[in-house]
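All of these numbers come straight from a predicted model, not from anything done at the bench. Letters go in sequence order (proteins before strands), and every chain restarts at 1.
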There are 2 protein chains.
Amino acid sequence: MNVNFNIDDFIKNFQTNCNKVQKKTFYKNQVITSYIEKRNQFCILVSGNADLVRYDLNGNRTIVEHFSKHDVFGEVFYTVSTNNELLVEAREKCEVLIYIYDDIHSKCKNNCKFHQVLSENLPELILSKVTDLNMRIELLTKRSIRDKLLGYFNLLSNRNLSKSFYLSFSLTDLADYLSVDRSAMMREIKSLKEEGFIDKNKNRITLLYK
Amino acid sequence: MNVNFNIDDFIKNFQTNCNKVQKKTFYKNQVITSYIEKRNQFCILVSGNADLVRYDLNGNRTIVEHFSKHDVFGEVFYTVSTNNELLVEAREKCEVLIYIYDDIHSKCKNNCKFHQVLSENLPELILSKVTDLNMRIELLTKRSIRDKLLGYFNLLSNRNLSKSFYLSFSLTDLADYLSVDRSAMMREIKSLKEEGFIDKNKNRITLLYK
DNA sequence: TGAATTTTGTTGCTTTTGCAACAGAAAAAC
DNA sequence: GTTTTTCTGTTGCAAAAGCAACAAAATTCA
């Protein structure tokens with residue numbers, strides 16, 4: 001999910017004007033935040049990349065969302081009450097703008113630029129989130145591991161405007177993202193190669209069909 | 001997904017003030033709309049209920065979303081390009097407000113009340129969509145049919161503030177909503193009954209645990 | 001009301017997926 | 001540069017899910 005307004009202006013201006021927004025730095029594998037009901041965090045990933053991860057009672061790990069530069073996250077986007085722990089984990093060094101708000105729709109007393117820009121762009125911001133989530137649902141509703149893989153590869157291929165692309169996930173993480181068993185996924189990738197649907201060199205995939 | 005501002009005011013006012021918004025009536029099994037890229041429809045379900053349905057190349061039917069009174073839908077919420085057909089089908093008689101916009105963020109020339117109220121409430125509206133979609137993803141990432149069923153039942157139980165509740169889906173539709181095979185789902189429901197997790201009378205479910 | 005259609009419930013069989021375990025390769029840490 | 005850890009690739013076996021088909025029940029239609 002990418003924010004279209006100028007995020008660099010955003011980052012430059014908030015410090016002088018608003019005390020409700022903080023910029024923090026996190027390092028690989030650190031927990032940036034855990035989702036807690038009613039603690040209304042709104043975060044912008046300034047640099048780096050991170051995952052929203054859920055651990056369920058059976059010990060399964062699911063990558064719910066993957067965030068890269070300029071993506072937004074936080075409880076504001078996840079009001080649903082869940083029994084499971086939801087963590088945002090840094091995959092590498094990450095700079096994050098964190099804003100804990102009382103009411104995201106109303107402006108702060110300071111009437112600072114941060115809130116002005118935020119409220120102006122909130123619909124667009126959230127709308128792009130909806131797009132991401134719909135894409136994710138489309139993948140998850142596919143009935144077989146093969147279809148999930150091909151759906152995901154297609155997506156990357158379209159984004160990259162090329163039949164070849166690099167996986168940004170490790171295969172272990174990809175399995176957790178597609179919500180399937182890793183070894184079963186590996187077996188399926190093997191079959192896709194053997195049947196001539198794809199080519200795979202390290203983490204570079206090439207689609208051989210269409 | 002429920003809209004909190006007064007939708008009845010909304011409906012009352014648009015007709016006199018704005019020619020870009022239409023109210024239409026649909027009957028059971030009619031197609032309310034099909035999602036087409038760049039035709040930016042924004043719809044509000046005034047009464048009745050409907051499903052967003054996807055048919056894939058393998059002949060599988062998936063209920064992507066279920067809409068009831070006051071839910072909103074349309075291409076504005078589904079920018080992702082998909083290969084599959086996406087239809088909104090009426091489950092019963094439905095009244096729908098349809099608004100085809102050029103730019104949902106900008107006000108129309110008439111400066112009518114409809115657009116004023118719409119733009120004021122757009123963030124909240126879309127945010128509630130995000131909540132719905134996250135709930136859906138949580139269900140879909142569950143690894144077994146049993147966990148999907150229990151997750152869905154839990155949700156209904158929480159909404160209803162009771163261990164007992166009625167299914168609004170037929171079992172055939174529920175399978176399409178959870179994205180699993182119907183007969184496998186039926187087998188699982190049977191096991192849940194036999195193992196004493198749930199009780200089922202017609203379309204009334206009672207949770208016997210927790 | 002009676003006929004037609006849809007939904008529910010069930011089963012045998014097949015295919016897919018998950019689990020557990022392990023070895024080698026690659027990457028990270030020291 | 002060596003050790004430790006993580007990731008990849010693979011397999012045999014078990015469990016779960018899908019497919020196909022059918023009868024009975026319920027619902028809709030005419």
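Nearest-nucleotide positions on DNA chain D place D181(B) closer to the 5' end than the other of D181(B) and N29(B). Toward the 5' end of DNA chain D, the nearer of the two residues M185(B) and K28(B), judged by each one's closest nucleotide, is M185(B).
Across the protein-nucleic acid pair, N201(A) atom CG and dA26(C) atom P stand 12 Å apart, rounded to whole Å. Spacing between atom CD of E188(B) and atom C1' of dA16(D) amounts to 8 Å, rounded to whole angstrom units. If you measure from atom CG of L174(A) to atom P of dT8(D), you get 10 Å, rounded to the nearest angstrom. The OH-C1' distance, from Y27(A) to dA29(C), rounds to 18 Å in whole Å. We find that CD of E92(B) is positioned 18 Å from C1' of dC29(D), with the value rounded to whole Å. To the nearest angstrom, P of dA17(D) lies 9 Å from CZ of R146(B). In this structure, CG of N60(A) is placed 13 Å from P of dA16(D), rounded to the nearest angstrom. A straight line from NZ of K142(B) to P of dG18(C) spans 15 Å, rounded to a whole angstrom.
Residues F169(B) and H66(B) bring their aromatic ring centres within 6.0 Å.
Of the candidate nucleotides dT8(C), dT8(D), dG18(C), dT8(D) has the atom lying nearest to any side-chain atom of T172(A).
Cation-pi geometry between R91(A) and F67(A) is not satisfied (NZ or CZ under 6.0 Å from the ring centre, within 45° of the ring normal).
In this structure, the side chain to side chain contact (heavy atoms under 4.5 Å, CB included) partners of S34(B), at least two apart in sequence or on a different chain, are I36(B), R39(B), L87(B). Residues passing the side chain to side chain contact (heavy atoms under 4.5 Å, CB included) test with Q30(B) are F26(B), Y27(B), sequence neighbours excluded. Here L156(A) pairs with Y152(A), R159(A), F165(A), L167(A) under the side chain to side chain contact (heavy atoms under 4.5 Å, CB included) rule; sequence neighbours left out.
Bending across the helix from dT1(C)-dA30(D) to dC30(C)-dG1(D), expressed as the angle between its end axes from five pairs apiece, amounts to 70° (10° rounding).
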Requested in this report: Using the side-chain contact (heavy atoms from CB on, under 4.5 Å) rule, take I137(B) and R54(A) through it: C-alpha gap first, then chi angles, then the decisive distance, then the call.
Outcome: CA-CA 11 Å; I137(B) 288 173; R54(A) 193 182 69 230; 5.5 Å; no
Using the 3.5 Å cut-off, write out each protein N or O paired with an N or O of nucleotides 9-12 of chain C and the distance between them.
from: dG9(C); atom 1: OP2; to: K200(B); atom 2: NZ; distance (Å): 3.3
from: dG9(C); atom 1: N7; to: R182(B); atom 2: NH1; distance (Å): 3.1
from: dG9(C); atom 1: O6; to: R182(B); atom 2: NH2; distance (Å): 3.1
from: dT11(C); atom 1: OP2; to: K190(B); atom 2: NZ; distance (Å): 2.9

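Among residues at least two apart or in separate chains, salt bridge (charged side-chain N to carboxylate O under 4.0 Å, His left out) pairs with a member in residues 164-189 of chain B are R61(B)-D173(B), R61(B)-D176(B), R146(B)-E188(B).
Residue I145(A) is in sugar-phosphate contact alone, with no base atom involved, counting any heavy-atom pair closer than 4.0 Å across all strands shown.
Side-chain atoms of T25(B) and E95(B) form no donor-acceptor pair, as typed in the model, at a separation below 3.5 Å. Side-chain contact, E138(A) with Y78(B): a donor N or O sits under 3.5 Å from an acceptor N or O.
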